[in-house]
Amino acid sequence: MLVGLVSFCAVLLYVFPPFRVVSLETATRKTEAERFNPKDFVERFWNDRLLKSLDQAVDAGTLLPAIKQDPQSARRQYGRQLGLGNIYYYFVEGRARVVAITPDAISLSLSEASSKPDLLLVVGNISGNAVRDGTGLINVNDFPNSQEFNQISAELNRRIETIVLPELRQKIFVGTNVAFVGCAEIQDEASDLQPIRLIPIQVQIR
């Protein structure tokens, strides 16, 4: 009886061992596979979610008159805000004409008859969290720490600088009609709304 019990326990421990010995190399590979990869995340987010949500952006022809009439009301109706700070964001689309180009920005007018810029497309160094936070598609609560959340913002900005902007600079010139989608980060309404500076997500020549 005792021999049978011992044999049974031995078989049980063989099939279901209380611990497993894993090589350091295998453990390292597993840790690296589980580590958050911002480049892979942004690649999937950009193609699977962001580009499919561009129709959710507010039309510039609606937003700009609303801001002119009552900035706070426009902020409440069309803006997005994270936390309790004063920074907020707009996700904007529209059609416009290029009226000026500098190394850092492309000036756009919504009016065919005016050369005064209504919006600026930023084409210099991209910084801030406009694209990450402006669309409302990424929830900070889905990430275990702020480091991953900040890595997403940096990778989105890098993607725009390396993929979106080079093609845009090559194709655009004064007088070009464009369809655009972008995000704006508003920190100081006195300067950031006159005109709004958009980080471009997509710009198509019309």
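By convention here, the first residue in the shown sequence is residue 1.
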*Is there a path from V99 to I205 through hydrophobic residues (I, L, V, M, F, W, Y) whose side chains come within less than 4.5 Å of each other?*
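V99 and I205: separate clusters.
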*When hydrophobic residues are tied together by side-chain contacts of less than 4.5 Å, even through go-betweens, does I163 share a cluster with L168?*
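Per the 4.5 Å side-chain linkage, I163 and L168 are not co-clustered.
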Give me the atom names and distance for the closest heavy-atom approach of [X] to [Y].
{"X": "A66", "Y": "Y78", "value": "CB-CE1, 3.9 Å"}
{"X": "N141", "Y": "N139", "value": "N-OD1, 2.9 Å"}
{"X": "K52", "Y": "D48", "value": "CD-O, 3.2 Å"}
{"X": "A57", "Y": "V181", "value": "CB-CG1, 4.3 Å"}
{"X": "A130", "Y": "C183", "value": "O-CB, 3.4 Å"}
{"X": "S111", "Y": "R97", "value": "O-NH2, 3.2 Å"}

*Is atom CD of E167 surrounded by more than 12 heavy atoms (other residues, nucleotides or ligands) closer than 6.0 Å?*
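Result for CD/E167: open.
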*asked:* Would you say that more than 12 heavy atoms from the other residues, nucleotides or ligands in this model lie under 6.0 Å from the CG of D55, or not?
replied: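 Check passes, neighbour count above 12.
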Roughly how far apart are [X] [atom1] and [Y] [atom2], rounded to 0.5 Å?
{"X": "I196", "Y": "D118", "atom1": "CD1", "atom2": "CG", "result": "9.5 Å"}
{"X": "I67", "Y": "Q77", "atom1": "CD1", "atom2": "CD", "result": "11.0 Å"}
{"X": "L82", "Y": "D133", "atom1": "CG", "atom2": "CG", "result": "4.5 Å"}
{"X": "I199", "Y": "E161", "atom1": "CD1", "atom2": "CD", "result": "9.0 Å"}
{"X": "Q151", "Y": "F36", "atom1": "CD", "atom2": "CZ", "result": "6.5 Å"}
{"X": "T135", "Y": "L54", "atom1": "OG1", "atom2": "CG", "result": "9.5 Å"}

Ignoring hydrogens and geometry, is there a side-chain-to-backbone donor-acceptor pair from [X] to [Y] under 3.5 Å?
{"X": "R169", "Y": "V123", "answer": "yes"}
{"X": "S73", "Y": "D70", "answer": "no"}
{"X": "S109", "Y": "S114", "answer": "yes"}

_Donor-acceptor pair between R206 and Q204 side chains, under 3.5 angstrom_ =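 Side-chain D/A pair, R206 to Q204: present.
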*Between Q56 and E93, do the side chains contain an N or O donor and an N or O acceptor separated by less than 3.5 Å?*
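Short answer, no.
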*Could you give me the CA-CA distance, side-chain angles and deciding distance for L137 and S53, then say whether side-chain contact (heavy atoms from CB on, under 4.5 Å) is met?*
CA-CA 9 Å; L137 297 173; S53 71; 3.2 Å; yes
*Decide side-chain contact (heavy atoms from CB on, under 4.5 Å) for I106 and L120; before the verdict, give the C-alpha distance in whole Å, the side-chain angles of both, and the deciding distance to 0.1 Å.*
CA-CA 5 Å; I106 296 171; L120 297 178; over 6 Å; no
*Where do V164 and I201 land on the side-chain contact (heavy atoms from CB on, under 4.5 Å) test, with the steps shown first?*
CA-CA 7 Å; V164 177; I201 296 171; over 6 Å; no
*Between F149 and F143, how do the two ring planes meet: parallel, tilted or perpendicular, split at 30° and 60°?*
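Taking F143 first and then F149, their aromatic rings sit tilted (interplane angle of 30° to 60°).
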With sequence neighbours excluded, what pairs up with [X] under the side-chain contact (heavy atoms from CB on, under 4.5 Å) test?
{"X": "R80", "result": "F91"}
{"X": "Q194", "result": "none"}
{"X": "S153", "result": "N129, R132, N157"}
{"X": "K39", "result": "N37, E155, R158"}

_If you apply the rule side-chain contact (heavy atoms from CB on, under 4.5 Å), what do you find for Q187 with Y88, and how did you get there?_
CA-CA 7 Å; Q187 299 188 41; Y88 62 99; over 6 Å; no
_With L198, the side-chain contact (heavy atoms from CB on, under 4.5 Å) member among L119, V131, L108_ =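 The residue from L119, V131, L108 that satisfies side-chain contact (heavy atoms from CB on, under 4.5 Å) with L198 turns out to be L119.
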*For R197, which residues count as a salt bridge (charged side-chain N to carboxylate O under 4.0 Å, His left out) partner, sequence neighbours excluded?*
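By the salt bridge (charged side-chain N to carboxylate O under 4.0 Å, His left out) rule, R197 matches no residue at all.
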*Under 4.5 Å side-chain linkage, directly or through intermediates, the cluster mates of I87*: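 I87 clusters with Y89.
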